[in-house]
Amino acid sequence: MAALTLVGSLITAPAQAAQDYPFQNPGLPLEQRVGDLLGRLTLQEKLSLLHQSQPAIPRLGIGYHKNGTEALHGVAWSNHLDDNWNQKFASGTVFPQAVGLAGTWDPALIKKVGAAVGDEVRGYNAVDPVLWGLQVWAPVVDLLRDPRAGRNEEGYSEDPLLTGAISTAYGKGLQGDDPFYLKAAPVLKHYLAYNNEADRSLTSSNLTPKLKHEYYEPAFKAAISANAATGVMASYNLVNGRPNHVNADLNTTVRSWTDKTLYNVSDAWGPHALTDLEKYYDNKPEAFAAVLKAGLDSYTIDGSDIGPMVQNLTAALDQGLITEADVDKAVRGVLSIRTRLGHFDPDGGPYKKITKDVINSDAHKRLNRETAGKAAVLLRNSGVLPLAKPKSAAVVGPLAGKLYQDWYSGRFPYQVTPLDGIKERVPGVTTGEGLERIALKHLDSGKYITATGAGPDDNAALTDTVPTAASQWDLTDWTGGVSTLRNAGNGKLLGGDWRSLDTDDAEPDGWYVSQQFALEKQSDGSYLVRYAGYETVESWFALPDAYVGVSDGALSLVPKAQAARFGKEIVSDGVAAAAAQAAKAEVAVVVVGSHPFVAGREFRDRDNLQLGEGQRRLIEAVRKANPKTVVVLETSYPVVVDAPNLLWTTHAGAETGHAVADVLFGDVNPAGRLTQTWPATDKLPSIRDYDLVKTGMTYLYGKGKPLYAFGHGLSYTSFAYQGLNVQGEKVAVKVTNTGKVKGDEVVQLYTHQRDSRFEQPVKQLRGFQRITLNPGESRTVTFPLKKSDLAVWDHTRGKWAVETATHDVLVGSSSDRIRQTTTLRVSGETIPVRDLTSTTRAMDFDDYSGVAFADASKAGGETVEGSAGDWIAFTGASYGSRLTASVASVGGGAFEVRSGSPTGALLATVRVPATGGIYQYGTANATLKGGKGSLYLVFKGDLRIRDFAVAR
């Protein structure tokens with residue numbers, strides 16, 4: 001096709017065109033510049049700009065541009081036009097993981113972090129503008145409503161207000177402070193309600209209208225309405241039965257939050273999923289047209305090959321599925337953002353002057369150390385911390401002397417491990433990983449699993465009859481029962497190589513992490529070795545229950561029924577060695593935690609919240625040997641672990657060791673706070689249930705006692721709260737440092753609405769401030785609290801409403817440590833009785849059981865889908881006697897209308913004729929006795945109800 005000729009040799013920015021065009025004139029308004037350029041483009045050139053990889057247009061002096069530099073907590077990676085399938089990693093400043101950045105509860109600091117990352121994006125772009133594009137895919141705004149989700153490390157918080165504040169700060173920093181030009185163009189991930197990885201492109205997040213408006217949308221709205229982001233990325237999942245890549249809210253709701261032109265993008269391969277995986281559309285032209293019309297302006301597909309996209313969109317144009325006006329609307333998005341990035345300015349705009357010198361600068365290193373220190377959360381302290389200049393220390397554990405990157409981080413240009421940081425302060429330090437070194441003996445043959453080399457063709461085998469270094473393995477139990485096995489002879493990890501085993505990898509890495517195993521103890525004391533590589537979930541792997549087996553003396557992966565039995569022999573006990581070191585030292589520091597690539601990551605959720613058994617034993621053994629033991633827990637997510645002296649940090653970047661030491665020795669008084677609830681149990685609701693009101697997940701709706709609460713974190717000093725007062729639209733409280741050292745306090749404001757037509761959160765964060773106080777110093781902290789802030793979504797009328805109600809006003813240092821309370825009486829409105837005589841959406845129910853929320857059509861709308869026994873309820877309502885319902889059913893069915901409860905008095909049975917398809921609606925009618933109270937629609941067969949009315 002003609003568009004394909006634009007790629008090829010034109011991969012770098014061409015020379016400036018001889019003629020000066022209005023779109024190149026910085027003195028003209030944005031709309032005029034964009035309109036001029038749009039009018040000069042051919043249709044084929046316009047289509048080419050709808051791709052992630054946008055070819056140069058030399059006749060207009062327009063250079064190549066690529067979307068999507070990853071910059072979640074530092075410049076991470078990108079893909080080159082000439083090698084699109086291999087990541088090209090940055091080696092700049094790697095800040096703490098996103099969940100750690102939010103743990104600072106310090107938007108001003110996070111704006112500085114974003115600014116530093118934006119500078120380094122520009123620095124890398126100056127080195128290679130083809131590789132390092134200026135549209136960055138960050139921050140991630142997905143709410144952390146379930147701690148088992150594989151991408152927990154990428155998000156900020158389970159709370160929408162905190163998430164909105166931190167994402168706004170990071171986005172503002174990335175963009176820079178120029179009123180027009182963008183240093184970088186941040187895109188918010190991932191719209192909407194995306195918090196499970198297993199079957200992520202096939203699962204639908206069921207959202208009630210109330211939770212959609214009150215919980216899932218506000219964090220995105222905060223950043224977009226503050227003009228801290230230039231667009232959103234659609235998520236892989238479905239919402240209420242419709243794939244988010246064709247969610248009409250992208251064009252309507254999201255764009256309504258700002259008067260700026262947004263540039264929304266697809267996630268990788270997302271448009272193809274509509275046909276290839278989700279089967280939502282019958283063909284590509286139809287799917288690609290729907291993506292464009294839904295409000296996505298860029299297709300992230302097929303690497304740098306624009307051909308398939310152009311072909312499918314051209315077919316969509318030819319078939320009348322879209323018009324050139326639809327294309328123009330999307331192209332305006334890319335041209336607007338590229339103009340603001342300076343792409344069309346003769347001098348490249350004000351940020352063009354930033355050079356590679358900013359990358360990993362000394363200033364950024366200092367900021368990194370400060371941020372990692374401020375993010376650390378002191379979970380427990382028996383009085384051991386801060387450490388008082390010990391002369392000896394045992395620093396042990398699998399993470400004591402190592403730092404790990406994650407999927408969305410760059411390479412470390414240098415590393416300061418916790419061991420390094422402590423060695424700088426303590427003259428006598430001993431160390432060890434605290435791991436068991438084991439041998440795995442095949443019980444039938446008596447031979448041991450043995451490494452035969454470190455190359456890809458050197459398969460592990462059953463060879464040694466007596467354990468040697470080649471048949472000895474250092475076992476690290478990470479989290480969730482998943483372990484890695486490092487060979488003592490060659491230092492490489494045991495990994496799955498399709499159906500065989502080898503040792504050719506230094507660390508867990510890559511998309512399909514194959515270096516994961518679980519040792520499952522049997523009743524007779526033997527072990528089965530389960531293979532836990534990520535590719536086991538793929539249909540092409542065809543072995544979902546893969547175990548290590550033995551056939552003709554060779555090792556392979558086999559079904560569980562054919563798994564071999566092994567004996568686990570402990571060659572040396574690193575746990576006992578660590579305990580012995582601890583017993584001789586003045587203090588002990590145990591550094592344990594997760595590996596970002598193991599037992600949970602993008603595409604893979606965690607099964608449970610447990611820290612590995614080996615790490616738990618290490619903690620207990622060292623604590624028993626030395627009562628002055630501090631546990632440093634370094635994880636990407638909550639785990640169930642407790643200790644008298646416990647400091648938590650994320651994988652916090654190259655300065656992790658300095659930051660940990662700063663806190664341990666009191667140079668930094670810890671004030672990080674948890675941004676999500678740490679449950680005390682593994683017995684949690686299904687990760688796929690997004691209804692927080694029913695599941696009780698997050699601090700908003702949780703009523704049990706967690707291990708650590710949202711907002712929790714301790715200090716080396718103490719604070720007193722006095723004089724909480726509400727005056728007008730301000731809440732004020734006096735906070736005093738009553739301790740002996742300077743420290744930060746994160747003052748948190750919550751409210752609870754006592755009286756409501758609707759079920760209200762247990763409490764809800766309304767504001768927060770991180771303040772610094774010297775010993776004895778006091779400060780009055782004030783929060784704005786507008787009446788409109790207390791609005792609730794009234795699903796009975798489809799609008800926001802402030803109810804007349806009494807609110808508890810709660811101020812404290814965490815959600816479970818409220819220090820001052822008062823009440824606020826708000827004059828608003830009383831929600832009227834529901835009028836079911838008017839057409840009512842079935843989705844606007846008050847309660848439900850068993851039903852699914854579904855798409856009313858592929859273009860838009862929502863409906864309720866149910867089977868026998870499922871029901872929806874409409875409470876506090878008035879209704880007439882003539883029911884008319886819009887329904888769809890493939891084979892026909894019925895639903896009952898009952899009063900007061902699902903088993904209450906039967907008012908009518910409504911017969912639903914077969915309509916022929918789930919998107920084909922008919923009308924069902926019935927007569928019942930009118931009245932007031934609660935109506936229950938009880939499904940008696942498979943059908944969908946779109947809306948109904950019970951007229952008088």
Side-chain angles (χ1 to χ4, degrees), residues 204 206-212 240-241 685-686 688-697 701 703 756-760 794-796 831 833-854 856 862-913 918 921-951:
S204 180
N206 277 6
L207 305 188
T208 65
K210 186 171 178 61
L211 282 172
K212 178 184 175 182
N240 294 354
S686 168
R688 296 181 180 180
D689 192 339
Y690 280 71
D691 190 340
L692 308 179
V693 179
K694 287 188 176 291
T695 64
M697 294 295 285
Y701 294 98
K703 296 177 181 176
S756 177
R757 163 70 169 77
F758 316 103
E759 186 162 354
Q760 291 296 318
D794 176 9
H795 62 267
T796 70
I831 306 300
V833 172
R834 296 198 73 160
D835 181 9
L836 299 184
T837 64
S838 301
T839 299
T840 300
R841 291 197 322 155
M843 273 296 298
D844 288 326
F845 48 72
D846 290 295
D847 198 4
Y848 68 95
S849 175
V851 298
F853 312 150
E862 295 173 319
T863 185
V864 177
E865 182 178 77
S867 301
D870 299 343
W871 54 262
I872 52 177
F874 300 83
T875 61
S878 67
Y879 48 90
S881 58
R882 293 180 291 111
L883 183 144
T884 304
S886 177
V887 293
S889 177
V890 175
F895 66 91
E896 296 175 341
V897 183
R898 292 184 176 269
S899 175
S901 77
T903 57
L906 178 64
L907 302 182
T909 297
V910 185
R911 303 296 176 187
V912 176
I918 59 174
Y921 289 86
T923 300
N925 300 284
T927 301
L928 51 93
K929 183 179 179 181
K932 291 185 178 181
S934 300
L935 281 187
Y936 284 73
L937 307 186
V938 183
F939 290 77
K940 305 306 291 183
D942 294 333
L943 62 118
R944 290 182 169 189
I945 304 176
R946 181 168 58 184
D947 54 51
F948 70 97
V950 192

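Every value quoted in this text rests on a predicted model; they were computed, and no experiment measured them. Numbers here simply count residues along the sequence, with the first being 1.
When every heavy atom of Asn206 is checked against every heavy atom of Asn240, the shortest pair comes out as CA-OD1, 3.4 Å. Taking each heavy atom of Thr875 and Arg757 in turn, the nearest pair found is O-NH2, 2.9 Å. Smallest separation of non-hydrogen atoms from Ser204 and Gly241: OG-N, 2.8 Å. Of all heavy-atom pairs spanning Asp835 and Thr840, the tightest one is O-OG1, 4.0 Å.
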Please set out all donor-acceptor pairs under 3.5 angstrom arising from side-chain atoms of residues 921-935, sequence neighbours excluded.
unit_1: Tyr921; atom_1: OH; unit_2: Ala856; atom_2: O; d: 3.0
unit_1: Asn925; atom_1: OD1; unit_2: Thr884; atom_2: OG1; d: 3.2

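With sequence neighbours excluded, no residue forms a side-chain hydrogen bond (donor to acceptor under 3.5 Å, both in side chains) with Thr695. Annotation: ring pair (Phe, Tyr, Trp, His ring centres under 6.0 Å) contacts of Tyr701 (sequence neighbours excluded): none. Contacts of Thr796 classified as side-chain hydrogen bond (donor to acceptor under 3.5 Å, both in side chains), with partners at least two apart in sequence or in another chain: Asp794. In terms of the side-chain contact (heavy atoms from CB on, under 4.5 Å) criterion, Pro913 has no residue partners (sequence neighbours excluded). Among residues two or more places apart in sequence or in another chain, the side-chain contact (heavy atoms from CB on, under 4.5 Å) test is passed with Asp870 by Val851, Ser867, Phe939. For Ser881, the side-chain contact (heavy atoms from CB on, under 4.5 Å) criterion is met by no residue, not counting sequence neighbours. Not a single ring pair (Phe, Tyr, Trp, His ring centres under 6.0 Å) links Tyr879 to another residue, sequence neighbours left out. Among residues two or more places apart in sequence or in another chain, the salt bridge (Lys or Arg N to Asp or Glu O under 4.0 Å) test is passed with Arg834 by Asp846. Legend: residues meeting side-chain hydrogen bond (donor to acceptor under 3.5 Å, both in side chains) with Arg911, ordered by chain and number and at least two apart, are absent. Residues that satisfy the side-chain contact (heavy atoms from CB on, under 4.5 Å) test with Ser889, not counting sequence neighbours, are Val912, Leu943. Scored by the side-chain hydrogen bond (donor to acceptor under 3.5 Å, both in side chains) test, Ser849 finds no partners at all (sequence neighbours excluded).
Taking the six-membered ring where tryptophan is involved, the planes of Phe853 and Phe845 are tilted, since the angle between them lies from 30° to 60°.
Remark: of the listed residues Asp942, Val890, Thr863, Val890 is the sole one forming a side-chain contact (heavy atoms from CB on, under 4.5 Å) with Ile918.
Atom OH of residue Tyr690 and atom NZ of residue Lys212 lie 15.0 Å apart, to the nearest 0.5 angstrom. Rounded to the nearest 0.5 Å, atoms OG1 (Thr909) and CD (Glu896) are 5.0 Å apart.
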### Task
Take Val897 and Leu937, measure what side chain to side chain contact (heavy atoms under 4.5 Å, CB included) needs, and give me the verdict at the end.
CA-CA 5 Å; Val897 183; Leu937 307 186; 3.9 Å; yes
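For the pair Ser901 (side chain) and Gly904 (backbone), a donor-acceptor distance under 3.5 Å is present.
No side-chain heavy atom of Met843 sits under 4.5 Å from any side-chain heavy atom of Leu207.
In this structure, Phe874 has its ring center closer than 6.0 angstrom to the ring center of Phe948.
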